[in-house]
Visitor: 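Structure below; questions to follow.
Treat the numbers as computed from the prediction; the structure is a model and nothing was measured. Convention: sequence-line order gives letters A, B, ...; per-chain numbering from 1.
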Amino acid sequence: MLRLFTFLTTLLMATQVMAADWSVRKEDSKLGFFATQAGAEFEGAFKTFSSEIRFDVNDLAGSEVKITIDIASVDTQSADRDSNITTQDWFYVSEYPNATFQTKTITKVGEGRYLAIADLTMRGVTKEVELPFTLTIDAGVAHAQGEVTVSRTAFGIGQGQWAANTVVGDDVRIFFDLKADAQ
Amino acid sequence: MSLRNTKTAFGRVAKFFHWSMVFGFIALYVIGFTMTDLPIGPEMFERIALHKSIGIGVLALAVVRLIWRFSNPNPALPDTMAPSERWGAHFSHIALYTVMMVMPLSGWAMSSAANYPVSVFGWFTLPNILAPSKAAVDFLKEFHGLLAWGILGLLALHVLAALKHHYINKDNVLTRMLPFYKGN
């Protein structure tokens with residue numbers, strides 16, 4: 001029993017040593033999206049999100065990223081649209097206040113370029129997404145950028161009269177530009 | 001009828017500009033006054049998008065039309081008109097050209113300030129000309145709405161003046177702008 005405990009403790013410590021933890025600099029980071037309305041693309045952002053990042057370029061297997069987004073913090077520079085986005089037809093914030101992004105695997109695809117396979121959960125629906133991103137680490141500060149296009153209707157975002165893509169396009173480009181400090 | 005204007009007659013191009021503007025204005029007013037009464041939904045957004053597209057079309061036409069206006073002779077007004085009437089005609093035409101540009105620009109600016117960029121018939125998207133601002137949206141909404149009534153007044157004056165020329169003065173000021181009128 002003691003041996004098992006020692007083993008588990010050692011394993012836990014080993015994982016902690018292998019993958020560094022990162023803390024996102026909120027003021028220098030952006031998590032947002034581009035959606036289209038009546039044929040024109042507009043930009044929006046989520047002002048509040050939290051992250052748990054364990055990332056080590058030398059230990060991608062032990063690396064993991066989890067982002068939790070507070071949907072009600074959406075800002076599309078239009079108060080009308082922001083309040084509409086949180087209603088039942090769209091994100092249904094009263095029922096599903098958060099969206100989450102949880103990586104399953106992260107692989108290196110080139111110099112400073114990676115691919116994350118992750119579960120993206122929005123409005124209670126989970127879909128696997130492939131997110132390519134770039135990453136540079138300089139003096140203990142990581143800078144990651146990436147973008148993934150998702151189908152909003154696959155997540156049930158836009159119900160009823162909004163399910164058709166005539167006015168609000170189905171494709172939404174979710175992007176992030178994050179800066180994080182090594183802990 | 002030639003393409004260009006002469007000293008006595010409007011050419012095909014000037015007439016095309018005039019009448020396409022008439023249809024543009026009618027469409028803009030009909031859509032503009034009905035779209036805001038719709039409940040928030042896809043149909044409302046489609047109507048607004050159409051209103052914006054036509055409005056940008058009017059703006060583009062107005063610019064080209066003004067260039068055409070300055071690169072062509074302008075048919076003379078009847079000798080029977082008093083100087084005050086000439087000035088009245090001249091200023092109301094300047095006012096019409098001005099609103100043809102100011103009105104669409106205020107709409108474009110409103111869309112920009114609201115971060116609802118303008119897509120022209122889905123062909124291309126215009127850049128935002130104002131940074132997002134609630135205060136700017138509120139001001140421009142009021143401005144656009146009030147100017148709509150101002151323009152209606154101006155158009156009424158324009159039409160009544162044309163009818164006065166036709167029925168009271170009995171000159172050719174109205175008829176020479178008609179699409180298929182060939183006389184002078």
Side-chain angles (χ1 to χ4, degrees), chain A residues 30-47 71-94 147 149 151-175 177, chain B residues 27-28 31-32 34-57 59-60 104-105 107-142 144-145:
Chain A
K30 192 169 187 185
L31 175 63
F33 58 90
F34 288 103
T36 50
Q37 194 165 27
E41 200 170 57
F42 68 93
E43 186 179 337
F46 292 101
K47 296 291 184 195
I71 298 295
S73 74
V74 69
D75 179 11
T76 67
Q77 310 278 3
S78 160
D80 294 344
R81 187 166 48 204
D82 292 349
S83 59
N84 206 25
I85 279 176
T86 57
T87 60
Q88 189 170 348
D89 276 353
W90 294 96
F91 275 94
Y92 201 179
V93 166
S94 55
E147 183 183 299
T149 300
S151 152
R152 66 172 178 88
T153 52
F155 291 90
I157 297 169
Q159 299 272 319
Q161 60 177 350
W162 298 107
N165 302 321
T166 46
V167 171
V168 180
D170 192 29
D171 282 352
V172 175
R173 296 196 285 137
I174 302 171
F175 70 90
D177 187 332
Chain B
L28 286 168
I31 301 167
T34 55
M35 68 190 189
T36 48
D37 294 334
L38 292 170
I40 292 174
E43 198 188 341
M44 183 200 204
F45 285 107
E46 274 172 3
R47 295 274 187 90
I48 295 175
L50 183 62
H51 179 82
K52 291 180 186 183
S53 297
I54 298 171
I56 295 300
L59 174 63
L105 281 173
W108 183 1
M110 190 194 333
S111 298
S112 302
N115 195 25
Y116 279 77
V118 179
S119 166
V120 182
F121 297 109
W123 301 331
F124 56 91
T125 302
L126 299 178
N128 281 349
I129 51 173
L130 268 192
S133 149
K134 175 92 171 68
V137 174
D138 291 344
F139 171 77
L140 288 162
K141 199 178 267 182
E142 194 77 8
H144 202 73

Visitor: With a 3.5 Å distance limit and no angle check, can you tell me whether A:Arg81 reaches the backbone of B:Asn115 through a side-chain donor-acceptor pair?
Guide: yes

Visitor: What residue, out of B:Ala49, B:Pro42, B:Gly122, has the most heavy-atom pairs lying under 4.5 Å from chain A?
Guide: B:Pro42

Visitor: Could you give the distance from CD1 (B:Ile40) to CH2 (A:Trp162), rounded to the nearest 0.5 Å?
Guide: 8.0 Å

Visitor: Do other residues, nucleotides or ligands put more than 12 heavy atoms under 6.0 Å from the CD atom of B:Glu142?
Guide: no

Visitor: Tell me, side chain or backbone of A:Asn84 under 4.5 Å from chain B's heavy atoms, or both, or neither?
Guide: side chain

Visitor: Of the backbone (N, CA, C, O) and the side chain (C-beta and beyond), which part of B:Ala131 lies under 4.5 Å from a heavy atom of chain A, both, or neither?
Guide: neither

Visitor: Looking at every heavy atom in both B:Ser119 and A:Gly39, which two are closest together, and how far apart are they?
Guide: CB-C, 3.7 Å

Visitor: Under 4.5 Å heavy-atom distance to chain A, tell me which part of B:Val118 shows up: side chain, backbone, both or neither.
Guide: backbone

Visitor: Hey, could you give me the CG/NZ distance between A:Asp80 and B:Lys134, rounded to the nearest 0.5 Å?
Guide: 6.5 Å

